[in-house]
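Some notes on the structure that comes next.
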Amino acid sequence: MPELPDLVHVEAVLSREACGLPIADVRVGDPVVLRLMLPDLFPAVLKDKRIVEVKRCGQFLRFDLDGGLCLVVNAMLSGRYSLAETGARAGRDVILALVFSGGTELRYADETRMGKIYVARADQLDQIPGFATLGVDLLSNDFTLPHMRRLVANRRDQVRQFLLDKTALASIGNAYADEILFAARLHPKTFCHKLQPDEVDRLFAAIRETLNAAIREIQARNQPIEVKVRDFLKVRGRAGEPCPVCATTIRRVRVGRDDACFCPICQPTERKLFVDFRKVPGTAKKKPMG
Ligand SMILES: [Zn+2]
């Protein structure tokens, strides 16, 4: 649920407000979300440690603690972070609360329990599913147009599924996949190998511009980290509403396992997707197989 622009904000707030404070106490909720990769007693191993650094890695948030200890969180669909005053009422979906000496606590809650918290040593991070295989960080200097062209050249899937592939691009979720495709004026079901060179260029620019604009917006709002700021999105969650560009009704369509929101006028289906067999030599006379 927290996507890259949300995590940039969470990373900044927690770097400022949670780093360097000794962990005086730890509360643990439903253990189904926890993955302990250490032989040490948990949560005792966290006591008196400090968070040294908070770092966003794709869809993960990595907390480096004293002594080479790491917490790596994959929030999946419903995980969320919050900072609260110690003793403030907490919901039953809190999975882990780090209580700092000084009166605040960092909570991670997960209503659907689909996320994971890995407790590991820094040299074990490669064993975390999906962590070592993360694709290019979309905010890094490694994400360039030539890199994007190389990625697209090897794909046979639909462009929206490509955007969601964390081993290629780190990381885009459902909301920003829709926003990026709208900005690039591409139908979500367009196949990657049908993209024209100028469309790949447009997609690359749309990824950067959409994510950077969202980061600026979320940082400007400066809401508490548990608040999901999404009201500025143009098509995501707006099926049935008018397109902000052309006023056509925004539609919802199934792409793979997910629903996509798109404008059928601004993001037209590529007619080239359908082969006109009357124009393909030799196919007209063939009998259908099977
Ligand atoms: Zn439109």
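Both ligands and their constituent atoms are indexed starting at 1 by order of listing.
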Point to revise | pair L106-Y108: side-chain heavy atoms closer than 4.5 Å | key: no

Check your understanding: Can you find a side-chain donor-acceptor pair between E226 and S82 that sits under 3.5 Å?
Key -> no

Point to revise | Residue pairs, two or more places apart or on separate chains, that pass side-chain hydrogen bond (donor to acceptor under 3.5 Å, both in side chains) and touch residues 135-148 | key: R56-D137

Review point. Got a sec, which hydrophobics cluster with I128, joining ILVMFWY side chains under 4.5 Å apart, including via others?
Key: M37, F60, V72, Y118, L125, F131, L134

Check your understanding: At distances under 2.8 Å, what protein N, O or S atoms surround the Zn ion (ligand 1)?
Key -> C243 SG, C246 SG, C263 SG, C266 SG

Point to revise | Salt bridge K228-D6, side-chain N to carboxylate O under 4.0 Å | key: no

Study note, to complete from the structure: Residue set satisfying ring pair (Phe, Tyr, Trp, His ring centres under 6.0 Å) with Y176, at least two apart, ordered chain then number -> none

